[in-house]
Protein chains: 2
Amino acid sequence: MQEAGRERTRREEYTETTRQALLAAGREIFASEGYQAAGIEAISRAARVTRGAFYHHFEDKKALFDAVVVAVQIEAAAKIEARAKTQRKVWDRLTEGIEAYLDVCLEPAYARIVIQEAPAVLGQTRYREIEEAHPMALLTATLNALKRQGELDFEDIELLSRMVDAMICEVALLLPGAENPKRLRARGQKIIGSLLGAFRTT
Amino acid sequence: MQEAGRERTRREEYTETTRQALLAAGREIFASEGYQAAGIEAISRAARVTRGAFYHHFEDKKALFDAVVVAVQIEAAAKIEARAKTQRKVWDRLTEGIEAYLDVCLEPAYARIVIQEAPAVLGQTRYREIEEAHPMALLTATLNALKRQGELDFEDIELLSRMVDAMICEVALLLPGAENPKRLRARGQKIIGSLLGAFRTT
DNA sequence: ACATATAACATACATACGGTATGTAAAAAA
DNA sequence: TTTTTTACATACCGTATGTATGTTATATGT
């Protein structure tokens with residue numbers, strides 16, 4: 001049995017390290033090969049362990065994928081928040097945050113793992129659960145702040161957030177295949193801006 | 001060798017029938033079990049043939065899924081077009097079409113096969129190819145008509161269509177889990193309407 | 001300090017599923 | 001009538017997931 005407030009043992013450090021290795025390997029291979037083509041054997045080898053170790057740390061393949069998505073989303077939210085914080089006025093934070101979100105969505109790993117595959121692999125409900133807890137929480141919070149300040153007027157901020165989120169992802173998925181990405185991005189931002197503008201009061 | 005303009009033989013009718021049976025079975029089982037869980041064996045059994053027949057008609061599992069998605073999308077486009085045609089003014093056709101599109105997205109089979117799984121299974125590019133050819137073509141055409149009539153002003157109608165499409169799908173995916181679907185739907189339509197309103201000139 | 005238990009893996013095995021190669025019967029073509 | 005082709009069925013193979021069992025090092029209790 002473990003004592004309550006005990007020091008962290010070396011062994012625990014090791015295990016945490018291998019767990020992280022599995023997570024990192026999964027992230028890599030899921031991003032490059034896709035969920036289905038990513039073999040547990042390959043992931044384990046990349047983490048320099050056997051499949052036994054894998055199944056010791058994760059229930060199954062889906063569980064690893066879930067963990068990867070959560071990790072990626074937490075990271076994304078952090079990046080976005082950092083960028084947003086560079087602005088003082090709330091409305092500027094919003095536009096900066098959207099900009100940052102778009103940049104994140106353009107990372108190939110994020111696009112493939114989170115946007116393209118996660119909804120299908122984890123199911124809509126679980127996917128939204130993760131999304132709501134992390135990157136979308138920022139959007140919702142910012143829009144709510146604007147609403148409290150009387151700069152924005154709409155009943156259902158949660159829904160408005162989702163719509164903006166959907167539009168950002170749509171633009172992000174379109175960008176890699178566009179013949180003029182800069183222009184497309186500008187136009188996309190214009191559309192998103194127009195939507196928000198429609199509910200802007202000041 | 002086959003003659004050029006020859007009559008349709010009974011045998012050809014039979015083969016077409018089994019192909020349709022496979023397609024129908026695939027549609028059923030993909031909708032209820034999802035792509036990954038849907039076994040080719042199960043699909044073949046449901047179509048009352050063996051796996052040999054399956055592989056005679058389709059290259060592989062993905063090919064069947066592709067065919068199913070195309071069929072579903074063609075059907076969807078037809079439904080939407082029919083509903084839109086009930087209106088005379090182009091702008092009313094647009095809103096009626098959006099309404100119809102939402103209804104289609106709410107069918108569980110459509111939501112699962114087309115919206116949730118198709119992008120991941122077929123890949124973004126192929127998915128968009130199908131989407132562009134069928135249900136989105138209507139949206140784009142209508143918006144372009146409005147633009148020509150001078151009722152709508154935006155440079156990139158294609159992009160605007162995609163945005164509206166994304167918003168509709170977002171609402172549709174949110175609806176089944178909502179505690180007040182009617183209200184959510186109304187609010188969603190309001191947001192979409194606001195976006196279009198932002199580019200409306202008249 | 002020593003025995004015991006448990007955590008962190010490795011190994012081996014069972015199973016299932018996708019895909020392929022081959023076989024066959026009926027119908028169309030020659 | 002023979003020959004070929006089509007539309008399947010059967011048999012088989014490889015691979016990937018998941019599970020059950022073994023092993024070793026470390027932590028714990030006496």
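These numbers were taken from a predicted model, which means no experiment stands behind them. Each chain gets a letter, A, B and so on, in the order the sequences are listed, and its residues count up from 1.
- For Val171(A), the side chain to side chain contact (heavy atoms under 4.5 Å, CB included) partners two or more places apart in sequence, or in a different chain, are Leu102(A), Leu175(A), Met163(B).
- Under the rule for a ring-ring contact (aromatic ring centres under 6.0 Å, His included), Tyr55(A) has no partner lying at least two apart in sequence or in another chain.
- Atoms NZ (Lys61(A)) and C1' (dA16(D)) sit 8 Å apart, rounded to a whole Å.
- Listed by chain and residue number, His57(A) satisfy the side chain to side chain contact (heavy atoms under 4.5 Å, CB included) test with Thr18(A) (two or more places apart in sequence, or in another chain).
- Looking at residues two or more places apart in sequence or on another chain, you find no ring-ring contact (aromatic ring centres under 6.0 Å, His included) involving Tyr110(B).
- Within residues 51-60 of chain A, the residues that place at least one heavy atom under 4.0 Å from DNA chain C are, in residue-number order, Gly52(A), Ala53(A), His56(A), His57(A).
- Taking atom CD of residue Glu16(A) and atom P of nucleotide dA8(C), one finds them 10 Å apart after rounding to whole Å.
- Side-chain N/O atoms of Thr15(B) include one lying less than 4.0 angstrom from OP1 or OP2 on dA7(D).
- Scored by the side chain to side chain contact (heavy atoms under 4.5 Å, CB included) test, Gln36(B) finds Gln36(A) as partners (sequence neighbours excluded).
- Here Arg88(B) pairs with nothing under the side chain to side chain contact (heavy atoms under 4.5 Å, CB included) rule; sequence neighbours left out.
- Side-chain atoms of Lys85(B) do not come within 3.5 Å of backbone N or O of Ile80(B) as any donor-acceptor pair.
- Using a 4.0 Å cut-off, some side-chain N or O of Thr18(A) falls inside it from OP1 or OP2 of dC9(C).
- Every residue was checked against the ring-ring contact (aromatic ring centres under 6.0 Å, His included) condition with Tyr101(B), not counting sequence neighbours, and none meets it.
- For DNA chain D, the neighbouring residues in residues 22-49 of chain A, judged by any heavy atom under 4.0 Å, are Ala38(A), Gly39(A), Ile40(A).
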